[in-house]
Number of protein chains: 2
Amino acid sequence: MADDRLSVIFGALADPTRRAILGRLADGEATVTELTAPFSISMPAISRHLKVLERAGLIARSRSGQRLSSTLRAAPLQEATEWMERYRRFWDASFDRLDAHLRQAEPGREAD
Amino acid sequence: MADDRLSVIFGALADPTRRAILGRLADGEATVTELTAPFSISMPAISRHLKVLERAGLIARSRSGQRLSSTLRAAPLQEATEWMERYRRFWDASFDRLDAHLRQAEPGREAD
DNA sequence: CCATTACTTAACCATTCTGTTAATTAATGA
DNA sequence: TCATTAATTAACAGAATGGTTAAGTAATGG
């Protein structure tokens, strides 16, 4: 995967296990053991998913004794959303001028 | 990559070349040749990027004679955005109740 | 028809990803 | 101090990714 910021963020979100982990963390911080429990994969596998999420800035980790807790950090989701905003006009009801431009560019085709 | 819908969408967005292609298509449809021009990679490589985008529903393709045009389809971005909405409260100013819950879950830690 | 243009498919290669099990490190607590 | 618990690191395997060049397919136009 490319190592630019958005690629790292989208890449982190491109895995259902990692998205499920974020879902769990929305209910509050959790240890690696707790995050492993709901899944049928090994702890080392979860450990590496957490590293991917951490690299993307989607979680922060803090040790308290033996336990290593992960906390959700949603700022990167905002970055991702902001990137997508650029395309919002393509799915919005207010399609207007641009829609016209596209139709004109290939007159024979209708939007599906 | 997992083949569930969101993974396919996020996976498609996790590559800078593919995001650049979407950026180009925001200005109107384009042929494979036109999409290849700005990059230093081969046409077969672009062709496969387009397949990935098509699988994600991010582009639609239509042949008109020899030319095979790609058009932006932003609906999947809306799906992705809707998934992220679930986490909006974590980056929003209106942090309120949830923020309190998180602080309580690990009293010794402050949000960064 | 036949050369050219537009694009895809095939075959290959290197790298990265996701999982495994086994070994290691670090902190606790009896 | 030493066994236990929590988690990471190491070493490995298989599949997926992203690029290449070469070959194949399809439409055009002279």
Side-chain angles (χ1 to χ4, degrees), chain A residues 1-22 24-25 28-56 58-71 105-106 108-109, chain B residues 1-22 24-25 29-56 58-71 106 108-109:
Chain A
M1 194 222 306
D3 66 346
D4 64 275
R5 183 117 194 86
L6 279 172
S7 295
V8 168
I9 295 169
F10 283 127
L13 297 176
D15 181 280
T17 300
R18 286 193 292 263
R19 291 197 305 278
I21 288 172
L22 294 180
R24 164 63 186 78
L25 292 179
E29 59 166 21
T31 65
V32 181
T33 300
E34 288 162 353
L35 291 173
T36 299
F39 299 101
S40 56
I41 63 180
S42 65
M43 187 177 296
I46 296 293
S47 182
R48 289 208 303 202
H49 279 306
L50 292 173
K51 264 204 177 59
V52 172
L53 291 170
E54 188 176 28
R55 185 160 106 88
L58 284 161
I59 64 172
R61 319 183 76 183
S62 66
R63 181 175 290 280
S64 125
Q66 230 171 338
R67 303 150 159 287
L68 185 50
S69 283
S70 298
T71 313
E106 192 190 10
R109 260 187 79 73
Chain B
M1 193 220 310
D3 66 348
D4 65 275
R5 182 119 194 85
L6 279 171
S7 295
V8 169
I9 295 168
F10 283 127
L13 297 176
D15 181 280
T17 300
R18 287 195 290 264
R19 290 197 307 277
I21 288 173
L22 294 179
R24 164 64 186 79
L25 292 178
E29 58 166 21
T31 65
V32 181
T33 301
E34 287 162 354
L35 291 172
T36 299
F39 300 100
S40 55
I41 63 181
S42 66
M43 187 177 296
I46 296 293
S47 182
R48 289 207 304 199
H49 280 307
L50 292 174
K51 263 203 179 62
V52 172
L53 291 170
E54 188 176 27
R55 185 159 107 87
L58 285 162
I59 64 171
R61 319 184 75 183
S62 65
R63 181 174 289 281
S64 127
Q66 230 171 339
R67 304 149 160 289
L68 185 49
S69 282
S70 298
T71 313
E106 191 190 10
R109 260 188 79 73

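So that the names make sense, note that chain A is the first sequence line, chain B the second, and so on, each numbered from 1. Below, each value reflects all heavy atoms present in this structure, side chains not excepted, and no hydrogens, waters or symmetry copies.
Side-chain proximity of B/T33 to the nucleotides C/dC17, C/dC7, C/dT21 is greatest for C/dC7. Of the candidates C/dC7, C/dG19, D/dT20, D/dT20 carries the atom nearest the B/A45 side chain, counting heavy atoms from C-beta on. Distance from the side chain of A/S47 is smallest for D/dT8 among the nucleotides D/dG19, D/dT8, D/dA22. Looking at the side chain of B/R61, the nearest of the listed nucleotides C/dC7, C/dG19, D/dA22 is C/dC7. In this structure, of C/dT9, D/dG18, D/dT8, it is C/dT9 that holds the atom nearest to the side chain of B/K51.
Put simply, A/H49 has no side-chain N or O that comes within less than 4.0 Å of OP1 or OP2 on C/dC17.
Looking at which nucleotide of DNA chain C each of A/S42 and B/V32 is closest to, the 5′-most match is held by B/V32. Nearest-nucleotide positions on DNA chain D place B/R55 closer to the 5' end than the other of B/S40 and B/R55. Place B/R48 and A/G65 on DNA chain C by their nearest nucleotides, and B/R48 ends up nearer the 5' end.
Going from atom CD of A/E34 over to atom C1' of D/dA7 covers 13 Å, rounded to whole Å. For B/F39 and D/dT20, the CZ to P distance is 12 Å, given to the nearest whole Å. The distance from atom CD of B/Q66 to atom P of C/dT8 is 12 Å, rounded to the nearest whole Å. What separates CD1 of B/I46 from C1' of D/dT17 is a distance of 15 Å, to the nearest Å. Taking atom CG on B/L13 and atom C1' on D/dT17, their separation rounds to 16 Å, with Å as the unit. B/I59 places its CD1 atom 12 Å from the P atom of C/dC7, with the value rounded to the nearest Å. When rounded to the nearest whole Å, the span between CD1 of A/I21 and P of C/dT18 equals 11 Å. Between the P atom of D/dT8 and the CD1 atom of A/I41 lies a distance of 13 Å, rounded to the nearest Å.
Across all strands shown, A/M43 has heavy atoms under 4.0 Å from base atoms, whether or not it also approaches the sugar-phosphate.
Checking side-chain atoms of B/S47 against main-chain N and O of B/M43 turns up no donor-acceptor pair under 3.5 Å.
Within the 4.5 Å cutoff, the side chain of A/T36 has no heavy atoms near those of the A/I41 side chain. Inter-residue side-chain proximity for A/R19 and B/D4 is flagged as met; some heavy-atom pair is nearer than 4.5 Å.
Side-chain contact check for A/R61 and A/T71: no donor-acceptor pair (N or O, by modelled atom type) lies under 3.5 Å. Defined by atom type and a distance below 3.5 Å, a donor-acceptor pair is missing between the side-chain atoms of A/R63 and A/S69.
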